[in-house]
Amino acid sequence: KGVLTDPNRNLSTFRLSPTHLHALTSCGFTKISDLIGVGPMHLSKELHCTKSEALDILKTVKYDISGDESVLSQNKNLSQHDKDYFITSDIEPATTAMDLLETEEDQQCIITFCREIDEMLQGGVPIGRITEFCGVPGIGKTQMMTQLAVNAHIPEKLGGVRGHCIYIDTEGSFMIERVVEIATALAEDLTAATEHMDESETVTEPIIPENFVDDILSHIYYYRIHDYIELIALINVLPEFLLD
């Protein structure tokens, strides 16, 4: 039992998912002692994962270590501070109301180009949150998703987030021709907008490159899902895909 709390115990001996173990190893976390003093917020930043995933990792390690309190208390390789850490590591530090306000104000959004929707969402579809569009067939849900997939690539200098997009299609309604049409129209509109910018805002390289449409298409990652088994499988591999 003493090996459970050996600070040199390799993390590969814990019940961690292959994705989490790979992320930990890639970031230099190979044994228990590497995680001592690391909270969920810090770990999530290191691994580029959500705080919930980081917390699950720490809880998995903590469970194996502190599942038997007698083993933990009798182990001489861990200080009392380190033992206490594994009991309280899932408690995140307090934050201030001002920090919450600043986070809210710094929230980035993907514009939809529908004024009413953008105003209702205070700037567009927020990043880091779940936004659900629902309605009867033919109301424009797929059109909105296609538009957002393209708009995610708008440069930051033009008010965008300059991101990439993962499009998970469970209906088979994704139409590449429509994507090309929307991306081409966006490129034309943004190019026209840059021509009216002040001279003080001009840069040595064009904000909208000639291959902007190709760039958009190259960074929309499409998955066609046929059933819930494929969907669950995709969800499990997405963290590793995002790390790459």
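Taken from NE2 in H20 to CG in L43, the straight-line distance is 9.5 Å, to the nearest 0.5 Å. Rounded to the nearest 0.5 angstrom, I176 CD1 and L217 CG are separated by 5.0 Å. Taking CD1 of I57 as the reference point, atom OG of S52 lies at 10.0 Å (rounded to 0.5 Å). Atom CD of residue E210 and atom OG1 of residue T191 lie 9.5 Å apart, to the nearest 0.5 angstrom. One distance of note links CD of Q143 with SG of C114; it measures 11.0 Å at 0.5 Å rounding. Taking NZ from K45 and SG from C27, the interatomic distance works out to 14.0 Å, rounded to the nearest 0.5 Å.
Heavy atoms from other residues, nucleotides or ligands lying under 6.0 Å from CE of M175 number 12 at most.
A 4.5 Å side-chain heavy-atom check between L24 and L16 finds at least one atom pair inside the cut-off. Counting heavy atoms from C-beta outward, T19 and V237 have side chains that stay 4.5 Å or more apart. Residues L11 and L35 are in side-chain contact: their nearest non-hydrogen atoms beyond the backbone lie under 4.5 Å apart. Side chains of Q107 and Q122 form no contact here, defined as non-hydrogen atoms less than 4.5 Å apart. When side chains are defined from C-beta on, V179 does not count as touching Y222, because their heavy atoms never get closer than 4.5 Å. Using a 4.5 Å cut-off on side-chain heavy atoms (C-beta onward), I216 and C165 make no contact. Using a 4.5 Å heavy-atom threshold, the side chains of P126 and T131 count as touching. Counting only heavy atoms from C-beta outward, the side chains of L238 and I168 approach each other to under 4.5 Å.
Y223 and D169 share no donor-acceptor pair across their side chains, judged by distance under 3.5 Å alone. Side chains of H22 and T25: no donor on one and acceptor on the other come within 3.5 Å. Counted by atom type alone, N10 and T13 present zero donor-acceptor pairs between their side chains at under 3.5 Å. Using modelled atom types and a 3.5 Å distance limit, the side chains of T30 and D34 yield a donor-acceptor pair.
Under the 6.0 Å distance and 45° angle rule, R9 counts as a cation-pi partner of F14.
A pairwise comparison of heavy atoms in E53 and P239 identifies OE2-CG, 3.7 Å as the closest pair. Contact detail for S173 and T142: the closest heavy-atom pair is OG-OG1, 3.6 Å. When all heavy atoms of P155 and L190 are compared, the pair lying nearest together is CD-CD1, 4.2 Å. Between C49 and A54, the shortest heavy-atom contact is SG-N, 4.0 Å. Taking each heavy atom of I207 and P209 in turn, the nearest pair found is O-CD, 3.3 Å. For M144 against I117, the heavy-atom pair with the smallest separation is CE-CD1, 3.6 Å.
When hydrophobic clusters are built by joining Ile, Leu, Val, Met, Phe, Trp and Tyr residues whose side-chain heavy atoms come closer than 4.5 Å, directly or via intermediates, L242 is not grouped with L47. Both L158 and V150 are part of a single hydrophobic cluster, where members link through side-chain heavy atoms under 4.5 Å apart. When hydrophobic clusters are built by joining Ile, Leu, Val, Met, Phe, Trp and Tyr residues whose side-chain heavy atoms come closer than 4.5 Å, directly or via intermediates, F113 is grouped together with I127. Both I166 and L231 are members of a single hydrophobic cluster when ILVMFWY side chains are connected at heavy-atom separations under 4.5 Å. Under the 4.5 Å side-chain contact rule for hydrophobic residues, I220 and I225 do not share a cluster.
Proximity of a side-chain donor or acceptor of D118 to a complementary backbone N or O of T112 within less than 3.5 Å is detected. Under the 3.5 Å distance criterion, the side-chain polar atoms of Q147 are left unmatched by any main-chain donor or acceptor of I182. Side-chain N or O atoms of D227 include one that pairs as donor or acceptor with a backbone N or O of E230 at under 3.5 Å.
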Would you sort out whether R162 and K157 count as a side chain to side chain contact (heavy atoms under 4.5 Å, CB included), showing the intermediate values? CA-CA 9 Å; R162 191 63 181 96; K157 291 183 179 180; over 6 Å; no
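Ring centroid separation for the pair Y167 and F174 comes in under the 6.0 Å cut-off.
The aromatic rings of H219 and H164 lie parallel to each other, with less than 30° between the two planes, well short of the 60° mark.
At a threshold of 4.0 Å, the pair D56-K51 does not count as salt-bridged, since none of the basic side-chain nitrogens sits closer than that to a carboxylate oxygen.
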